[in-house]
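Here the structure comes first, spelled out in structure tokens, and everything after it is commentary.
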Amino acid sequence: MPELPEVETVVRGLRGPLVGRTFTGVTVRWPNSIKTPLFELNERLPGQRIEAITRRGKYLWFHLSGGDSLFLHLKMSGDLLVLPASEPDDPHVRTIFSLDNQHELRFKDTRKFGRVYLVAEPNEVIGKLGPEPLADDFTPDKFAALFERRSGRLKPLLLNQEFLAGVGNIYADESCHAAGLDPRRTVNSLSPVELERLYHAIRQALASGILHKGASLDAVYRGGEFQNHFRVYDRAGQPCLTCGSEIQRVVLAGRSTHFCSNCQR
DNA sequence: CTAAAATCCTGGTGGC
DNA sequence: TGCCACCAGGATTTTA
């Protein structure tokens, strides 16, 4: 479940080996993952140099010398590896990007949900995303303003990428716990004080995730160890680390949701 | 308009 | 032990 901290960790790991390299070709093994016409990808990508790699929400964003943008979304099980072209193949590699130094960027994705986009206009992919929660200019006031004219329950709203970019199931649950808010709360019932608590909880949870190099689940993210710091996520039936009450699990908007009914109101 | 459900996928899990 | 139905998960699409 790569969310903002996991994607940020991947981006930071790729800059060293990839910035300055030039793509020389693409091999597509699972065409459903490519959201750009294949002929266009094959025609436009080779020859473009990687000038920078950034992140927007849960998307990796490769800024290319020809002015195009290559976006990768890891979805559930995606991972990116930079290896010598001579390294043995892996059956879960769905797309191979060849580089100008006898290496390859391999998009490995067991569950085939990951997606690849090559576009001239970035907003075609990321245009509808909400604000970056860790941006310097993302203030408590701007966060509170996001809730104007919103309705529904808190948890599904936090997962909505058009509301706020990058928060997924793990960090939504952890943020609600840290803020002392029941994820089932109706959002228009949240007070200014509660919104401010939530703002700090989200920023803190994401920053902590990045500090621990993300969470490793499904054996995908090597090195990350934020999973050892979960206080509610995936802990149904276990005692709350704050008060000892049993962590509850419910399904909200089709997503498993974990919380402490004592600490979170 | 909102909300819920179906869709895409596969490896791991739980039941028997 | 072996088999298999079932499930999670992000984002989009469809249905209500």
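Applying the 4.0 Å criterion to OP1 and OP2 of C/dA8, one finds that A/Arg249 has a side-chain N or O inside that range. Between A/Asn32 and B/dC8, a side-chain N or O to OP1/OP2 separation shorter than 4.0 Å is absent. In this model, the phosphate group of B/dC8 is not approached by any side-chain N or O of A/Lys112 to a distance below 4.0 Å at OP1 or OP2. At the phosphate of B/dC9, neither OP1 nor OP2 sits under 4.0 Å from any side-chain N or O atom of A/His92. Contact annotation: A/Ser77 does not reach the phosphate of B/dG11 (side-chain N/O to OP1 or OP2, under 4.0 Å). At C/dA11, one or more side-chain N or O atoms of A/His73 fall inside 4.0 Å of OP1 or OP2 (strictly under the cut-off).
Taking the six-membered ring for Trp and thresholds of 30 and 60 degrees, A/His73 and A/Tyr59 have ring planes more than 60 degrees apart, a perpendicular arrangement. A perpendicular orientation is assigned to the rings of A/Phe143 and A/Phe147, their planes being inclined by more than 60° (bins at 30° and 60°). Taking the six-membered ring where tryptophan is involved, the planes of A/Tyr233 and A/Phe230 are perpendicular, since the angle between them exceeds 60° and thus also 30°.
Taking atom CD1 on A/Ile126 and atom C1' on C/dA11, their separation rounds to 16 Å, with Å as the unit. Across the protein-nucleic acid pair, A/Arg255 atom CZ and B/dA6 atom C1' stand 11 Å apart, rounded to whole Å. Protein atom CZ of A/Phe113 is 11 Å distant from nucleotide atom C1' of C/dT12, rounded to whole Å. B/dC8 atom C1' lies 16 Å from atom CD1 of A/Ile34, rounded to whole Å. Between the CD atom of A/Glu162 and the P atom of C/dG10 there is a distance of 16 Å, rounded to whole Å. Atom CG in A/Asp109 sits about 16 Å away from atom P in C/dG9, given to the nearest Å. Counting to the nearest Å, the C1' atom of C/dA11 and the NZ atom of A/Lys58 are 8 Å from each other. Protein atom CD of A/Glu3 is 6 Å distant from nucleotide atom P of C/dG10, rounded to whole Å.
Among the nucleotides B/dT10, C/dG9, C/dG10, the one closest to the side chain of A/Tyr233 is C/dG9. Considering only the side chain of A/Thr110, B/dT10 comes nearest among B/dC9, B/dT10, B/dA3. Distances were taken from every side-chain heavy atom of A/Tyr59 (C-beta onward) to each of B/dA3, C/dG10, C/dT12; the shortest belongs to C/dT12. Ranking B/dA3, C/dA8, C/dG10 by closeness to the A/Arg111 side chain, first place goes to C/dA8.
Both A/Val19 and A/Phe23 are members of a single hydrophobic cluster when ILVMFWY side chains are connected at heavy-atom separations under 4.5 Å.
No engagement by A/Arg115 is indicated, since no non-hydrogen atom pair under 4.0 Å with the nucleic acid exists. A/Gly152 comes within contact range of the sugar-phosphate backbone alone, with a heavy-atom separation under 4.0 Å but no base atom that close.
In this structure the side chain of A/Phe138 reaches within 4.5 angstrom of the side chain of A/Leu164, judged on heavy atoms.
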